[in-house]
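Accompanying notes for the structure given below.
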Amino acid sequence: METGLKNRVAIVAASSQGIGKATALAFAAEGAHLALCARQQGPLEAVAREAAERFGIQTFTVAFDVSDDSAVRSFVQAAHQKLGRVDVCVTNAGGPPAKPFLSTTMEEWERAWQLNLRSIVSFAQAVLPYMQQQKWGRIVTLTSYTVKQPVPELVLSNSIRAGVMGLVRSLAGQFGPEGITVNNVGPGFTSTDRSVEILEKRAAAKGISFEQAEHDLMQDIPVRRMATPEEVAAAIVWLASAPAASITGQTLLVDGGSYRGL
Ligand code: NAD
């Protein structure tokens, strides 16, 4: 499939490891230039170097926390200056802590909103004016399959990320006439540090071994395995591609069939 992404510029947030890193490399493999951010400059630069060496594309990196609104805006402006355009924006960040509802604090609710919803608002407000000028753009938010099927210990994620779906639908409706699509990808359990963190907490809460928690989880996933970061990345790249121009306002789950709804 011709993705039409060659020489486009893709922003991929939180891309020093895991799904973000796999997404950055997948865009680079299509010939897109990359603007990358995460909190740690060292690992971020390593991803940029790998992408440039393997795929001969241009890169721009800045280390900052995506919940810092002014840092997001400066980064997008600088990426546009350095790379000449902004075509794709993949929003991503770490997930909120896994905790039972009554143990959550108001500070954690505030942090979850800043990290997992407000940061997307910041990115969208910063990239949309460039996309409007070009009459072409792709925003893909990375959330979780919990937007469709809440997971018991992830009440912060379940709640805050549902708001992302409202935002995605709203932006898809408003900016569709200008050639801009806005979609959401919801991974299920994916083999990264984040799934290890959640399984460790689940094992501790139930008083079982990590291996037992992993085994139990597999019984709930129809394909009996976690997704790979590369599989989630492929879905994101496809939604950003030229052939996906008529798909907007959607949530695409990459969850091995975990969500049981129709
Ligand atoms: P990960 O922990 O492997 O990577 C997270 C990335 O986010 C890292 O690059 C980290 O540096 C960056 N990051 C974290 N907080 C940041 C911040 N405040 N500012 C900037 N960068 C920040 O996680 P992952 O598995 O790649 O998950 C990516 C997203 O997908 C997370 O939001 C996670 O909750 C969600 N998700 C993951 C799974 C899974 O099983 N892995 C399942 C569903 C949803």
Side-chain angles (χ1 to χ4, degrees), residues 11-26 34-48 50 61-72 75-76 90-99 108 110-120 122-123 140-151 153-165 184-202 213-214 217-218 220-221 223 225-233 235-236 251-256 258-259:
I11 289 175
V12 186
S15 43
S16 62
Q17 64 175 53
I19 298 169
K21 174 182 175 182
T23 302
L25 293 173
L34 297 176
L36 306 179
C37 65
R39 287 168 305 178
Q40 312 271 337
Q41 188 66 30
L44 192 60
E45 267 172 20
V47 174
E50 180 182 345
T61 61
V62 183
F64 63 91
D65 188 314
V66 294
S67 60
D68 179 344
D69 176 58
S70 64
V72 170
F75 167 68
V76 171
V90 180
T91 66
N92 183 23
K99 292 183 95 175
E108 286 167 336
E110 187 61 36
R111 178 73 185 142
W113 136 250
Q114 288 176 8
L115 196 58
N116 298 115
L117 179 51
R118 200 184 66 171
S119 68
I120 301 174
S122 303
F123 271 107
V140 184
T141 60
L142 179 62
T143 58
S144 170
Y145 84 118
T146 59
V147 298
K148 297 268 189 184
Q149 180 160 300
V151 169
E153 69 266 47
L154 290 178
V155 65
L156 290 160
S157 175
N158 299 339
S159 307
I160 300 292
R161 284 175 160 159
V164 177
M165 292 181 75
N184 175 42
V185 167
F189 275 86
T190 306
S191 48
T192 69
D193 289 359
R194 171 71 173 168
S195 57
V196 172
E197 175 199 327
I198 291 171
L199 280 177
E200 280 173 352
K201 290 218 170 123
R202 190 173 281 189
E214 195 172 26
L217 170 69
M218 291 311 143
D220 275 347
I221 305 177
V223 301
R225 66 176 184 85
M226 292 194 197
T228 65
E230 290 73 23
E231 287 169 333
V232 181
I236 294 170
T251 289
L252 176 57
L253 300 184
V254 185
D255 69 345
S258 297
Y259 171 57

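Reckoned from all heavy atoms, side chains included, excluding hydrogens, waters and symmetry mates. In listed order, ligands and their atoms are each counted from 1.
Checking Val196, Thr141, Ile19 against atom 27 (O) of ligand 1, the nearest heavy atom belongs to Ile19. Closest heavy-atom approach to atom 10 (C) of ligand 1 within the set Lys21, Met226, Arg39: this belongs to Arg39.
Between Val66 and ligand 1, a contact under 3.5 Å exists for at least one N or O pair. No N or O atom of Leu142 sits closer than 3.5 Å to an N or O atom of ligand 1. At a 3.5 angstrom cut-off on N or O pairs, Arg194 counts as close to ligand 1. An N or O contact shorter than 3.5 Å is missing between Asn116 and ligand 1 by distance.
Of the inter-residue distances, the one linking Lys21 atom NZ with Glu230 atom CD reads 9.0 Å to the nearest 0.5 angstrom. Rounding to the nearest 0.5 Å gives a distance of 9.0 Å between CG of Leu252 and CG of Asn184. In this structure, CZ on Arg161 lies 8.5 Å from CG on Leu154, to the nearest 0.5 angstrom. Separation of atoms CZ (Arg118) and CD (Glu110) is listed at 7.5 Å; rounding is to 0.5 Å. In this structure, CZ in Phe123 is found 12.5 Å from OG1 in Thr141, a value given to the nearest 0.5 Å. Distance CG/Asp65 to CG/Leu115: 6.5 Å, rounded to 0.5 Å.
Proximity of Pro96 to Ile160: side-chain heavy atoms (C-beta onward) are nowhere separated by under 4.5 Å. Side-chain contact between Cys37 and Phe64 is present, with heavy atoms from C-beta onward closer than 4.5 Å. For the pair Ile221/Met218, a side-chain contact is recorded, criterion being any heavy-atom separation below 4.5 Å from C-beta on.
Contact atoms of ligand 1 toward Phe64: 19 (N), 20 (C) (distance under 4.0 Å to a heavy atom of the residue). Near Arg111, the atoms of ligand 1 lying under 4.0 angstrom from a non-hydrogen atom of the residue are 18 (N). For ligand 1, the atoms lying closer than 4.0 Å to a non-hydrogen atom of Phe189 are 40 (O). Each of the atoms 31 (C), 32 (O), 34 (O) of ligand 1 lies under 4.0 Å from some heavy atom of Gly95. Interface of Ser195 with ligand 1, defined as ligand atoms under 4.0 Å from a residue heavy atom, comprises 40 (O), 41 (N). Below 4.0 Å from some heavy atom of Gly94 lie the following atoms of ligand 1, by number and element: 7 (O), 13 (N), 14 (C), 15 (N), 16 (C), 32 (O).
Protein heavy atom at the shortest distance from atom 18 (N) of ligand 1 is Asp65 OD1, 2.9 Å. Nearest non-hydrogen protein atom to atom 43 (C) of ligand 1 is Pro187 O, 3.2 Å. Atom 2 (O) of ligand 1 has Gln17 NE2, 3.3 Å as its closest protein atom, hydrogens excluded (heavy atom only). Looking only at heavy atoms of the protein, atom 31 (C) of ligand 1 is closest to Ala93 O, 3.0 Å. Regarding atom 35 (C) of ligand 1, its nearest protein heavy-atom neighbour is Thr143 O, 3.5 Å. Ranking the protein heavy atoms by distance from atom 38 (C) of ligand 1 puts Gly188 O, 3.9 Å first. Annotation: atom 41 (N) of ligand 1 to nearest protein heavy atom, Thr192 OG1, 2.9 Å. Atom 33 (C) of ligand 1 has Arg161 NH2, 3.8 Å as its closest protein atom, hydrogens excluded (heavy atom only).
A donor-acceptor pair under 3.5 Å links the side-chain atoms of Gln41 to the main chain of Ala63, judged by distance alone. Without hydrogens or angle criteria, Thr190 side chain to Pro187 main chain gives no donor-acceptor distance under 3.5 Å. Using a distance-only test at 3.5 Å, with no hydrogens or angles considered, no donor-acceptor pair links the side chain of Asp255 to the main chain of Met226.
Atom CD of Glu197 has more than 12 neighbouring heavy atoms from other residues, nucleotides or ligands inside a 6.0 Å radius.
Contact between Gln114 and ligand 1 is absent, with no heavy atom of the residue lying under 4.0 Å from the ligand. Ligand 1 is never approached by Gly186 to a heavy-atom distance shorter than 4.0 Å.
Checked for salt-bridge contact, Arg111 and Glu108 miss the test: no charged N lies under 4.0 Å from a carboxylate O.
The part of Leu115 lying near ligand 1 is the side chain, judged by heavy-atom distances below 4.0 Å. Looking at Ala14 against ligand 1, both its backbone and its side chain come within 4.0 Å, counting heavy atoms.
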